[in-house]
Peer 1: 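Right, I'll just put the structure down here and ask away after.
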Amino acid sequence: MRTFFSTFLLGLSVFSAAAWSATPGDIRQSGFVYCVSGAVTTFNPQMASGGLVVDTLAAQLYDRLLDVDPYTYRLIPELAESWEVLDNGATYRFHLRHNVPFQKTSWFKPSRPMNADDVVFSFQRIFDRKSAWHNVNGGSYPYFDSLQFADSVQSVKKLDKDTVEIRLNSPDASFLWHIATDYAPVLSAEYADQLTKAGRQEQMDRQPVGTGPFQLSEYRTGQYIRLARNPSWWKGQPKMPQVVIDMGAGGTGRLSKLLTGECDVLAYPAASQISILRDDPRLRLTLRPGMNIAYLAFNTRKAPLDRPEVRQALSLAINNERLMESIYYGTAETAASILPRASWAYDNDARVTEYNPQKSREELKALGVENLHLTLWVPTSSQAWNPSPLKTAELLQADLAQVGVKVTIVPVEGRFQEARLMEMNHDLTLTGWATDSNDPDSFFRPLLSCAAMGSQTNYAHWCDTEFDETLHKALLSQQLASRIEYYDRAQTMLAKSLPVLPLAYSLRLQAYRYDIHGLVLSPFGNASFAGVYRDKGEEK
């Protein structure tokens, strides 16, 4: 994996020999600049566990079989015009849209539109361990690995050029929601064949080809990504000729760029910056509830954190109300469950963990836990679920110091966080999860199932077979009431064992220049830029 990443990044850094020479004025004439923090380890969201690739790029480069309406939270057709659920949810048949072209790039010229071969290739690569493509570039598909789909999918078959059928070993009521996420793009089988003949399979994830509204034009590692309009996009030509994703500044640097006009859109502004953004007549600010959770994960494989009583005692020391005031500034709600309140399976009886430092000290002492020294790993950049992770870590550090627990903060970045956390050397990690699925399974299994321990998403390293069985039973029924009953049971189990401490449900924030229109803020963290345009008459 590490060899792949180093080779991948080296290849990407020389992808374009020319630096970003266009001035902001030039960009403003033909596109817009989207400022966001993050790192790119692959351009294929199948192989990502979140971050910039999934939250921003996926919806620009690719389309999926199904989409989720950002307003109604319902599944809607995308590359599949329609679908059928058969065998009580064990078989899914998709009828594909006709004449959807793949992107024409300098590295690939398609000879045909998207068809069933592309869909079969895309999903067999993930689900079929015997596929020649499964292990290309590391063979890790974190989201679907955490769901054990390679074990649960029986077959992916082409019935005819416009119809694909996916059979599961047992019914799974969440399946459609999982393949509607940005982790499930449709790739080009023709492009894959071309790369196989040339012996350059690794290029599939480095130089992307999709059916989305924009295609990759230029990339400079750690600086920016330039996307060019896909003139043959099946939904109609995107309104802006280009988009520049600026990754070159963080924190106040990105805010300064927005204020000076170097950025047109600021993704995930810090909540502390809201007053500045609201008071500037040149800017607009939008907020929406988000399908996300910020939480503190205990490494349940390390003593003394392997004892639920110790985890419960430590949680009493966390002043969640202060986190709301000092980090979110009214843009989040204290979390009582790993499920967001917007989820249809949210347990309304769930209670926020009590804040009682005196009780915490007494319980730790009674448990024989004294002079405890823990390491807390935390991402350095703002996230959809937390605008200021490092500051949050400092507050948690101060809270735990009040009960005699010394905490050393270890800042980590992007892919290094994922790789190092899975080595199980940490004690605590401040992390979170945002998904473009409204199904509860998209929170439970990726974050806390036994399978997710090996997929870079279960940072608590918690495995409970009874919990897993409860989640499995919830998938066997198409009846909502039955599923809710199982998910209530799962939430009760988590509250008792507490492998993770839920902290906050964050609102989605986005700030942009007054003349930018058509920017949809999705509760799921990702939205197409195809409808974005600039009204020069409103420019200030």
Side-chain angles (χ1 to χ4, degrees), residues 1-2 5-6 9 37-41 48-52 142 222 247 250-251 268 270 292-307 310-311 313-315 317-320 322-323 326-327 360 364 369-434 447-448 452-462 498-504 506:
M1 181 66 74
R2 289 181 178 175
F5 277 136
S6 58
L9 292 173
S37 60
V40 174
T41 56
S49 58
L52 175 62
M247 306 176 292
Y268 314 127
N292 63 69
I293 175 73
Y295 62 92
L296 181 68
F298 301 97
N299 186 347
T300 61
R301 293 303 173 104
K302 288 186 71 175
L305 300 178
D306 56 341
R307 300 161 64 188
V310 173
R311 301 195 292 268
L314 290 172
S315 71
I318 305 303
N319 187 343
N320 213 307
R322 187 171 64 147
L323 292 181
S326 302
I327 302 299
S360 174
L364 288 172
V369 178
E370 297 181 277
N371 301 315
L372 187 58
H373 183 186
L374 303 174
T375 56
L376 169 59
W377 292 31
V378 56
T380 56
S381 57
S382 61
Q383 310 288 333
W385 36 267
N386 190 329
S388 306
L390 282 172
K391 184 178 178 183
T392 303
E394 291 168 357
L395 293 176
L396 296 178
Q397 181 186 51
D399 285 344
L400 290 168
Q402 294 296 313
V403 299
V405 177
K406 183 179 180 181
V407 173
T408 299
I409 295 173
V410 181
V412 287
E413 293 193 34
R415 62 190 176 87
F416 297 107
Q417 179 192 23
E418 296 165 5
R420 294 174 68 187
L421 283 171
M422 296 317 294
E423 293 173 359
M424 297 175 58
N425 293 324
H426 67 292
D427 297 309
L428 309 166
T429 180
L430 179 64
T431 186
W433 185 253
L447 301 184
L448 292 162
M453 286 181 62
S455 64
Q456 301 182 5
T457 53
N458 184 342
Y459 292 154
H461 300 294
W462 185 69
L498 208 72
V500 300
L501 176 64
L503 297 176
S506 178

Peer 1: As an exercise, state the distance from OG of Ser360 to CD of Gln402, rounded to the nearest 0.5 Å.
Peer 2: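 Reported to 0.5 Å precision, the distance equals 11.0 Å.
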Peer 1: Please give me the minimum heavy-atom distance between Pro502 and Ile293, naming the atom from each residue.
Peer 2: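 Looks like CB-CD1, 4.1 Å.
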Peer 1: What's the verdict on side-chain contact (heavy atoms from CB on, under 4.5 Å) for Val369 and Arg307, showing C-alpha distance, side-chain angles and the deciding distance?
Peer 2: CA-CA 11 Å; Val369 178; Arg307 300 161 64 188; 4.3 Å; yes
Peer 1: Examine distances only and state if a side-chain atom of Asn292 and a backbone atom of Trp433 form a donor-acceptor pair shorter than 3.5 Å.
Peer 2: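 Flag not set: sc Asn292 to bb Trp433 has no pair under 3.5 Å.
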Peer 1: In chain order, what residues pass the side-chain hydrogen bond (donor to acceptor under 3.5 Å, both in side chains) check against Arg322, with sequence neighbours excluded?
Peer 2: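 Asp399.
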Peer 1: Could you tell me whether a side-chain N or O of Ser506 sits under 3.5 Å from a main-chain N or O of Asn386, the two making a donor and an acceptor?
Peer 2: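 No.
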Peer 1: Give a yes or no answer on whether the side chain of Thr300 reaches the backbone of His461 with a donor-acceptor pair at less than 3.5 Å.
Peer 2: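 Confirmed, Thr300 side chain pairs with His461 backbone.
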Peer 1: Looking at side-chain heavy atoms only, is the closest gap between Leu395 and Ile327 below 4.5 Å?
Peer 2: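 The answer is yes; the side chains approach within 4.5 Å.
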Peer 1: Taking all non-hydrogen atoms of both residues into account, name the closest pair between Arg311 and Leu305 and its distance.
Peer 2: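 Minimum heavy-atom contact is NH1-O, 2.7 Å.
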Peer 1: Ignoring hydrogens and geometry, is there a side-chain-to-backbone donor-acceptor pair from Lys302 to Leu428 under 3.5 Å?
Peer 2: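 No: the side chain of Lys302 does not pair with the backbone of Leu428.
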Peer 1: Give the minimum heavy-atom separation between Gly38 and Met247, together with the two atoms involved.
Peer 2: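 Distance-wise, the nearest heavy atoms are O-SD, 3.9 Å.
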Peer 1: Please evaluate residues Leu396 and Val407 with respect to the criterion side-chain contact (heavy atoms from CB on, under 4.5 Å), reporting the C-alpha separation (whole Å), side-chain torsions for both, the decisive distance (0.1 Å), and the verdict.
Peer 2: CA-CA 9 Å; Leu396 296 178; Val407 173; over 6 Å; no
Peer 1: With rounding to the nearest 0.5 angstrom, report the CZ to OG distance, Phe298 to Ser315.
Peer 2: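 Result: 6.0 Å between the selected atoms.
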Peer 1: Looking only at non-hydrogen atoms, find the nearest pair between Pro379 and Leu430 and report the distance.
Peer 2: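 Taking Pro379 first and Leu430 second, the nearest heavy atoms are CD-O, 3.2 Å.
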Peer 1: Between Arg301 and Asp306, is a side-chain contact (heavy atoms from CB on, under 4.5 Å) present by the stated rule, with each step listed?
Peer 2: CA-CA 5 Å; Arg301 293 303 173 104; Asp306 56 341; over 6 Å; no
Peer 1: Could you point out which residue of Leu323, Leu376, Val378 forms a side chain to side chain contact (heavy atoms under 4.5 Å, CB included) with Thr392?
Peer 2: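 For Thr392, the side chain to side chain contact (heavy atoms under 4.5 Å, CB included) test succeeds with only one of Leu323, Leu376, Val378, which is Leu323.
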Peer 1: Between Pro499 and Ala460, which heavy-atom pair has the shortest distance, and what is it?
Peer 2: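 Shortest heavy-atom contact: O-CB, 3.6 Å.
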Peer 1: If I take atom CD from residue Glu394 and atom OG from residue Ser388, how far apart are they, to the nearest 0.5 angstrom?
Peer 2: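 Going from CD on Glu394 over to OG on Ser388, the span is 10.0 Å.
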Peer 1: Quick one: closest heavy-atom pair of Pro411 and Thr380, and the distance?
Peer 2: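 Closest heavy-atom pair between Pro411 and Thr380: CB-CG2, 3.7 Å.
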Peer 1: Would you mind reporting whether His426 and Leu374 have side-chain heavy atoms less than 4.5 Å apart?
Peer 2: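 No - every pair of side-chain heavy atoms lies 4.5 Å or more apart.
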Peer 1: Using side-chain heavy atoms (C-beta onward) and a distance below 4.5 Å, is Leu364 in contact with Glu370?
Peer 2: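 SC-SC contact between Leu364 and Glu370 ruled out.
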Peer 1: Are Ile318 and Leu501 packed together at the side-chain level, in the sense that at least one heavy-atom pair is separated by less than 4.5 angstrom?
Peer 2: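 In contact.
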Peer 1: Please walk me through it: do Thr408 and His373 pass side-chain contact (heavy atoms from CB on, under 4.5 Å)?
Peer 2: CA-CA 8 Å; Thr408 299; His373 183 186; 2.7 Å; yes
Peer 1: Kindly indicate whether the side chain of Leu52, heavy atoms from C-beta on, has any atom under 4.5 Å from the side chain of Val40.
Peer 2: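 Yes, their side chains come closer than 4.5 Å.
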Peer 1: Taking side chain as C-beta onward, heavy atoms only, is Tyr295 less than 4.5 Å from Leu447?
Peer 2: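 Result yes, sub-4.5 Å side-chain heavy-atom pair found.
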Peer 1: Taking the side chain as every heavy atom from C-beta outward, state whether Val405 and Leu314 have any pair of such atoms under 4.5 Å apart.
Peer 2: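 The answer is yes, as the side chains (C-beta and beyond) meet within the 4.5 Å cut-off.
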